[in-house]
Student: 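Below are the structure tokens for one structure; questions will follow.
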Amino acid sequence: MNRPHPPIVGVFDSGVGGLSILTALRRTINACRFVYVCDQEFFPYGLQSEEELTRRVEQLCQQVLAQFPLDYVVIACNTASTVVLPRLRGQLQQAVIGVVPAIKPAAQLSRSKVIGLLATPGTIERAYTQELIALHASNCTVLKLGSTRLVELAEAKLRGELISSEEIATILRPLSQDPLLDTLVLGCTHFPHLLEELQAAFPRPITMVEPSEAIARRLLTLMEGASHISLAEHEARDEDILYVTGPPLPASLIQAFNLGILFRKK
Ligand code: DGL
């Protein structure tokens, strides 16, 4: 069914991490308007309990939906997706797309069958993550590393602060010291913002796997199924909206990601 407006897609994260997903969505899909939800007030998600995080994301979705008639919800956060998706899908009428660690493609790509999973402490501990590994990487050794500091460093980098490559190399040492590891799952949407620094922390080239393109293809498929994509010709795409909880984001960051209209939760 065609809608009178281009589809509206909510993209949710605790901070700037989901911008790595938003970038891929924008590259693939022209025919919609995005509402980027940056839940800084509750940052970092990776240190919240599963119960608190589930409650928070449920409430936040309701708050955003009260303001914007979202057609699709993208939880652009592994830490949230690995725990809240079943509840959200039960509650919302909209299609909910999650972002979870790309264990399966990494296991397929690895030649040595030693892969790393870099994520938040929350994602590393999730039963869902263990299930993904058991299901798709039982033939691999999976070295897991959880770090909140790396999330903070990604936030700092996007805010224009200088970050230390040495610090990142030190954090990565448990993985970079393994001589066989050849593939690294970026299991947090903040980490593609640190791609160069992460690569530099290894003494040899490593295949980095992150799911943003796959998420964009998934959303496109859903839109095509709902005939939303017939709005591709819709002229003059509306400006995307930034919805922030907590302190404001720097103007330079808002500009760099071309997020026009700012909506701040009181
Ligand atoms: N960007 C998030 C993820 O993909 C969460 C980071 C955090 O707030 O801890 O896991």
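Just so you know, these numbers come straight off a predicted model, no measurement behind them. When a ligand or atom number is given, it counts from 1 through the structure's own listing order.
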Student: Please find the pair of heavy atoms, one from Pro6 and one from Cys32, that lie closest to each other, and give the distance.
Tutor: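 Looks like CB-CA, 4.2 Å.
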Student: When rounded to the nearest 0.5 angstrom, what distance separates CG in Leu117 from CG in Leu186?
Tutor: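 Separation between the atoms: 9.5 Å.
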Student: As a test of reading the model: which residues have a non-hydrogen atom less than 4.0 Å away from ligand 1?
Tutor: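 Contacting ligand 1 under 4.0 Å are Asp13, Ser14, Phe43, Pro44, Tyr45, Gly46, Cys77, Asn78, Thr79, Thr120, Val151, Cys188, Thr189, His190.
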Student: For a quick test of your reading: what N or O donor-acceptor pairs under 3.5 Å do the side chains of residues 167-174 make, sequence neighbours left out?
Tutor:
residue : atom : partner : partner atom : Å
Glu167  : OE1  : Arg149  : NH2          : 3.3
Glu167  : OE2  : Arg149  : NE           : 2.6
Thr170  : OG1  : Glu166  : O            : 2.9

Student: Does the side chain of Gln67 come within less than 4.5 Å of Gln63's, by heavy atoms?
Tutor: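 Side-chain contact under 4.5 Å: no.
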Student: For Ser112 and Asp182, does a side-chain donor sit closer than 3.5 Å to a side-chain acceptor?
Tutor: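 There is such a pair (donor and acceptor under 3.5 Å, judged by atom type) between the side chains of Ser112 and Asp182.
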Student: State, to 0.1 Å, how close Leu88 and Cys61 come at their nearest heavy-atom pair, and which atoms those are.
Tutor: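 Looking at all heavy atoms of both residues, the shortest contact is CD2-SG, 4.0 Å.
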